[in-house]
Amino acid sequence: MVSKRICFFEGDMSRGGGTERLTSITANKLAQNADYTIVVLSLLNEKNGLYFPLDENVNHYVLCNKPSNKFAIINKLKAFIQKYKIDIIVNVDIILGIYSLPLKLKFRNLAVISWEQFSTSNDLGISWSKYLRQVCLLYSNIYLVLTDGDRKYLNKKFKVKCSLRTLYNPIEYANEPCTYDLTSKIIITAGNFFYTKGFDIAVDVAKLVLTKHSDWKWYFYGDGVEYEAVKKKVQDLSLLDSIRFCGRVSNIEEQYKKGALYVMTSRNEGFGLVLLEAKKNHLPTIAFDVPYGPATIIENGISGYLIKPFDIGDMADKIEHLISNDLLRLKFAEQAGKNLDTFSIDSFIRKWDNILRGL
């Protein structure tokens, strides 16, 4: 096999979000294969660095020093592809397709992979998201989605001309025995404080739960644009003693080990890597059954609960049921750490290898 030069094109590796972490994991693992030369290209790098480390064999570049217009970015990307002789470009966020897909006209042998990192029901915060997805489904070589539900939705709602495949996000784990702490009285929610993540909804649920169980605490991990608004809501509801804002931490899995429950109140969820992390650390999980991620991970009634969106009362009832039932929490915890092979890093990299070798 002739060595392939692969570029993972993403937004900003100085950010500490799931997309950046996934880029780091994938690039580092693939770089161990001598058949691939891996580079990571950030559109911007606002904090001048890398939040997640890259392997010494993975070179990182920044396309723009500051925000620029679309045509200037396309020209810079064209020069980059020429200079580094890129064979395959992976858009780790389909929005980046507006820059890479036009270059297929210039580079006839360039392969473009569009890697969807959101639920296909998410409008990506832009009014033309449906148009963008359609263009990517027509002109990409491969379009990757996070769940089978997303793949079925796109096949039903869009014209698909590329190869459309499901690729679950991965998690590194060892088959460790369950060490669930039955004495813990901590509920955990982690993520970016964006509207779609529903931290404001978590506050409403907390009001119902924690006023009855004042010895329990709810820890919020993360930051983002909705942070101050959520904090004000907590203050207005007199919950500052019960809800703790823990910020963004690099050792989030150590925090999971201290928890009793993981709760997700997202309005939509592409996959929910935090749910996998909670599952790996034997936490019972509760989430709204929004398209399409939570149902892929949570086994309803076995390792956690899937709640009808957005039934705050039922979610509060399920949390209280687990708070009041130690044996059920322990049973869910023991089940949570099972059936992780589907999401293993080895399985994930094998699928990537098959994808890349087919281009």
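Keep in mind the model is a prediction, meaning the values are calculated, not measured. The figures that follow rest on heavy atoms only: side chains count, while hydrogens, waters and symmetry mates do not.
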Does the pair [X]/[Y] count as a salt bridge with the N-to-O cut at 4.0 Å?
X    : Y    : answer
R151 : D148 : yes
D204 : K233 : yes
E299 : K338 : no
K232 : D236 : yes
D87  : K4   : no

Side-chain donor-acceptor pairs of residues 26-33 under 3.5 Å, sequence neighbours excluded:
from: T26; atom 1: OG1; to: L22; atom 2: O; distance (Å): 2.8
from: N28; atom 1: OD1; to: D55; atom 2: N; distance (Å): 2.6
from: N28; atom 1: ND2; to: S24; atom 2: O; distance (Å): 3.1
from: N28; atom 1: ND2; to: S24; atom 2: OG; distance (Å): 3.4
from: N28; atom 1: ND2; to: P53; atom 2: O; distance (Å): 3.1
from: N33; atom 1: OD1; to: D35; atom 2: N; distance (Å): 2.9

Please enumerate all residues that pass side chain to side chain contact (heavy atoms under 4.5 Å, CB included) together with K231, with sequence neighbours excluded.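 By the side chain to side chain contact (heavy atoms under 4.5 Å, CB included) rule, K231 matches Y227, F245.
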Taking side chain to side chain contact (heavy atoms under 4.5 Å, CB included) as the definition, give me every residue that meets it alongside L327, ordered by chain and number, with sequence neighbours left out.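 Counting only residues at least two positions away or on another chain, L327 forms a side chain to side chain contact (heavy atoms under 4.5 Å, CB included) with N325.
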Is [X] reaching over with its side chain to a backbone N or O of [Y], donor-acceptor style, under 3.5 angstrom?
X    : Y    : value
K104 : V112 : no
N69  : A72  : yes
T265 : G198 : yes
D12  : E46  : yes

Smallest separation among heavy atoms of K85 and R5, with atom names: O-CD, 3.3 Å
To check you understand the geometry: which heavy-atom pair defines the closest contact between A278 and Y256, and what is its length?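 What the structure gives for the nearest pair is N-CE1, 4.1 Å.
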Against the six-membered ring of Y195, is R267 placed for a cation-pi contact (under 6.0 Å from the centre, within 45° of the normal)?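 Satisfied, under 6.0 Å and within 45°.
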Given side chain to side chain donor-acceptor pair (under 3.5 Å), test S344 with D341 step by step and report yes or no. CA-CA 5 Å; S344 73; D341 287 349; 5.8 Å; no
Among L154, I113, L101, which one satisfies side chain to side chain contact (heavy atoms under 4.5 Å, CB included) with C136? L101
Result of checking F288, F332, Y262 against Y305 for ring-ring contact (aromatic ring centres under 6.0 Å, His included): F332
Between F199 and F193, what is the ring plane arrangement, given parallel below 30°, perpendicular above 60°, and tilted in between?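 Rings of F199 and F193: parallel, as their planes differ by under 30°.
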Would you call the rings of W352 and W115 parallel, tilted or perpendicular, where under 30° means parallel and over 60° means perpendicular? perpendicular
With hydrophobic residues grouped by side-chain heavy-atom distances under 4.5 Å, do F194 and I188 end up in a single group? no
